[in-house]
Amino acid sequence: MSLCGAMMKSSVEVNLLLLLVFTLCVKAMRYSPPEKPVLTRCRSPEKETFTCWWEPGSDGGLPTTYALFYRKENSETVYECPDYHTAGENSCFFNKNDTSIWVNYNITVVATNALGSTFSDPVDIDVVYIVKPNHPEKVTVTVMEDKGWPFLRVSWEPPHQADTRSGWITLIYELRVKLEGENEWEMHLAGQQKMFNIFSLRSGGTYLVQVRCKPDHGFWSEWSTTSYIKVPDYFHREKPMWVLITCFCAFIFLILTWLLHMNSQSLKHCILPPVPGPKIKGFDKQLLKNGKCDEIFSALVVPSFPPTAPPNCEDLLVEYLEVYVPEEQELIMEESKDLNDLCLKSGGCTSDNDSGRGSCDSHTLLMDKFREAKEKRKPREQGSGQAGTESQGNQRDWEEEGSSCAHEDMVSPSISSGRVKTWPCVFSPLPQYSSGRLEHKGSLERAKQHCHSDTLFPLGSTSSSLDQQGQHTKETLRPSNWEFGLSNKQPHLLHPHTRPQRQLQAHSDVNISSIGHKRELRGLHSPAPESTEYVEVQRVNEENMVLLQPVDSERGHMEDCSQVPLGEDYSRVNGVDRDNRLLLQREVTQGDRCFCGDRDMNGERTENCYSLSTATMTQKPRVCIHTAMPVQDNMVLGVTGYVDTSTASTLPSY
Amino acid sequence: MSSNTRSVSVEVVCVLLCSTLSGVCLAPLCMNSHSSCHVVSLSDLFDRVIQHSSRMHGVSNDLHAEFEQHFLPSKNQISRVSRNCHTSTIFTPNGKENTQRMAGQELTEVILKLLLAWRDPLWHIHQGMAHHHDFNNFSSNKVLEMSDMVHELRKGVEKVAEKMQMSGIISNSVSSRASPEAPPLADSPEWRLMKVYDLLYCFRRDSNKVQNYLKILKCRIVPEHGC
């Protein structure tokens with residue numbers, strides 16, 4: 001118990017002691033010698049004076065005084081700062097008398113308080129290297145113009161303390177410019193000059209200008225106070241140039257537009273060449289678009305094209321009856337040729353004349369024949385003239401030759417036995433001719449009635465004259481009329497006998513007298529007027545015989561030709577002689593249709609039925625004489641391919 | 001006969017050449033009386049000299065800073081209170097008033113003395129730095145360059161002085177015969193290093209002095225440009 005009490009007493013005492021010590025210590029810590037000050041900087045504005053500033057430390061709770069001491073180079077004398085107040089607090093100002101250039105100063109600041117003093121670290125300075133001048137003064141900025149373009153002229157003065165005039169200090173300057181509102185300054189080093197020009201200004205802008213300076217070895221001064229300057233608007237000076245440029249560009253643009261417009265077509269072709277369309281006849285683009293191939297190709301198929309069989313000249317010519325074409329008819333043939341072509345190619349030609357002359361230039365062949373016929377006729381015309389049968393024969397020849405070009409009416413397509421290729425439609429009027437038949441007296445007259453009086457006898461005197469016998473004059477006239485009719489009325493028709501007829505006409509008067517009775521027909525055979533009869537080619541029989549049918553003129557319908565008037569007719573082609581001349585056979589038929597004819601384009605010698613026909617004339621046979629008789633030499637065939645009546649007359653009568 | 005003429009022609013050519021060459025050689029300096037010769041004005045001379053001195057100071061400044069950075073990282077490693085430049089014996093004005101108070105001639109003499117005082121020490125520094133491997137070549141070259149510049153600057157200042165004397169600015173001729181000489185470098189490397197450092201420091205200061213004195217002179221004598 002007592003121990004505890006003793007212990008408690010001792011602890012309390014210890015605590016008290018501790019407390020006492022603690023308080024003493026605390027008291028002692030409140031005051032302390034000043035902390036070591038720090039010389040922050042020393043600066044000289046003009047290299048004649050300088051100032052040093054220090055930073056004091058904690059004063060230790062006690063009032064502290066600061067003192068600056070310095071020592072000069074190579075001297076042990078310690079001097080104290082002469083001026084603590086000029087430069088402000090914690091500063092020391094050295095005036096001119098105390099400042100020595102090119103002398104090393106050792107400066108120290110001492111802080112002193114009640115408890116002690118503290119020395120700062122010494123600092124060695126040389127005034128030459130601590131020069132920091134003041135900023136330039138009297139900065140002026142003016143706007144000046146150089147050939148219409150403005151620029152800024154900045155001028156300034158060096159700080160008044162710095163003695164640059166004596167050369168003691170040399171300053172270099174620097175200025176900076178910026179537009180109002182911008183962040184970046186534009187720096188310009190001006191050197192030792194006190195004036196500077198700034199170009200490339202923005203019209204109407206406000207500029208800020210500042211200048212600073214620095215000695216050749218030292219620190220930069222502070223920036224001078226900002227000078228504001230507003231650049232006047234000079235856009236109006238630039239306007240004419242822009243106006244010129246705009247006009248020039250517009251002009252160029254207009255020219256280009258005009259050029260483009262002029263060459264738009266060619267450009268279009270150049271840039272977008274036209275897509276060539278299909279050039280196949282019968283090709284339907286629409287079908288192609290529809291996408292039906294079958295229809296497309298079916299449309300391309302032409303029935304008659306291509307020709308299944310190559311056109312063979314011989315085949316074509318075999319089916320034709322060559323007809324002498326007078327020169328006047330050449331033109332018609334020319335036209336008909338075109339029609340033929342059209343009919344042939346289209347295939348849909350409604351013309352029933354499937355008479356394509358084809359590739360064979362049967363036209364030329366016709367021409368050749370015509371020439372030959374002409375040649376033949378001429379001698380015949382010059383002959384003594386036995387107009388009669390000869391003429392009739394001639395005429396028959398003519399007829400037959402002329403009728404070779406049977407038109408569609410005469411040769412109906414229904415005749416299927418043979419391929420009668422007739423001449424084209426041009427010769428359609430021909431049946432009128434062909435139907436017309438030269439009628440001799442008596443039978444002739446009747447035969448003549450077959451002739452189309454309408455066309456052949458415009459004078460309308462045919463029929464009357466036909467009926468009359470012995471009216472040779474009329475008969476004679478007939479051919480002449482016919483001739484005229486033929487020549488005038490239907491000039492476009494195949495009129496192979498125009499010329500020979502005319503030629504014969506000359507002799508018609510001569511032979512008129514000879515023409516009389518049937519028997520006197522011989523006389524008629526002289527080159528007297530030879531009536532022309534055109535016989536239609538009815539068909540070609542199996543034996544390749546062209547069956548001619550006399551045309552019934554009265555009926556005007558040549559289709560049947562069933563009634564054959566009594567009388568002689570030269571509706572049969574006996575054959576074709578060597579010179580490609582049709583040899584007509586005279587026969588007298590009655591009511592019968594007689595077809596006879598040989599056709600041989602090769603000019604094979606055939607008999608001349610004429611003589612037989614003359615024989616039959618008296619007998620009035622009704623049988624076609626098919627037998628061929630040898631050609632007698634004296635059967636001179638006229639140039640025109642007609643049997644020369646004169647020679648025929650020499651034949652012995654049967 | 002032809003050989004004689006040839007020799008004569010050759011001689012003539014040689015004489016001509018020699019005369020032209022001699023003419024060039026015999027006219028090193030232009031006299032004022034000669035109008036054809038281009039005369040360098042005093043102002044131009046001063047400008048040239050001042051530029052030269054400025055360049056010299058710049059080199060010395062760079063060299064000192066480089067030396068201090070490489071060899072003496074701690075600035076206050078060695079107390080420099082007892083630094084004593086060998087040129088301190090030369091009385092140099094240490095203020096603007098003092099400088100302006102000094103006559104042109106004296107000032108010129110001071111300049112010349114300074115320049116002369118530094119001719120040999122720089123050469124020694126160069127030699128010392130070259131032979132010892134503790135100095136890099138870059139510093140050695142700069143020391144040599146400085147040495148040359150000092151020599152040329154001295155020549156230039158002499159020319160200026162001569163010009164001034166001719167112009168009547170300076171009465172008496174400038175003489176710079178007496179010039180303190182730098183003490184030789186110590187043998188020990190540390191001393192050598194310190195010596196070089198001190199020399200560099202001293203030279204840096206002296207080059208600044210020269211430049212400043214020249215500027216004062218120029219603005220006093222030919223104050224047309226840049227003053």
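Below, read A as the first sequence line, B as the second, and so on, with proteins coming before strands; counting in each chain starts at 1.
- Ring to ring, A/Trp102 and B/Tyr201 are not that close: their centroids are 6.0 angstrom or more apart.
- Contacts between A/Lys194 and chain B at a heavy-atom distance below 4.5 Å are absent for every atom of the residue.
- Only the side chain of B/Asn61 comes within less than 4.5 Å of a heavy atom in chain A; its backbone stays farther off.
- No side-chain heavy atom of B/Arg204 sits under 4.5 Å from any side-chain heavy atom of A/His217.
- Expressed to the nearest 0.5 Å, how far NZ of B/Lys209 lies from CD1 of A/Ile101 amounts to 11.0 Å.
- For the pair B/Asn212 and A/Lys47, the minimum side-chain heavy-atom distance is below 4.5 Å.
- Looking at A/Ser100, both its backbone and its side chain come within 4.5 Å of chain B, counting heavy atoms on both sides.
- Within 6.0 Å of atom CD in A/Glu222, 12 or fewer heavy atoms from other residues, nucleotides or ligands are found, so the atom counts as exposed in its surroundings.
- Using a 4.5 Å heavy-atom cut-off against chain A, the contacting residues of residues 216-223 of chain B are B/Ile216, B/Cys219.
- Looking at every heavy atom in both residues, B/Gln100 comes nearest to A/Ser166 through NE2-CB, 3.1 Å.
- One finds the CG atom of A/Asp163 at 3.5 Å from the NZ atom of B/Lys96 (value rounded to the nearest 0.5 Å).
- Rounding to the nearest 0.5 Å places OG1 of A/Thr170 at 8.0 Å from CD1 of B/Ile50.
- Looking at B/Thr99, only its side chain comes within 4.5 Å of chain A, counting heavy atoms on both sides.
- Residue A/Lys138 qualifies as open at atom NZ: its count of foreign heavy atoms under 6.0 Å is 12 or below.
- No more than 12 heavy atoms of other residues, nucleotides or ligands lie within 6.0 Å of CD in A/Glu89, so this atom counts as exposed by the packing criterion.
- Atoms CG and CG, from B/Asn208 and A/Asp216 in turn, are 7.0 Å apart once rounded to the nearest 0.5 Å.
- For the atom pair CD of A/Glu73 and SG of B/Cys85, the computed distance is 6.5 Å after rounding to the nearest 0.5 Å.
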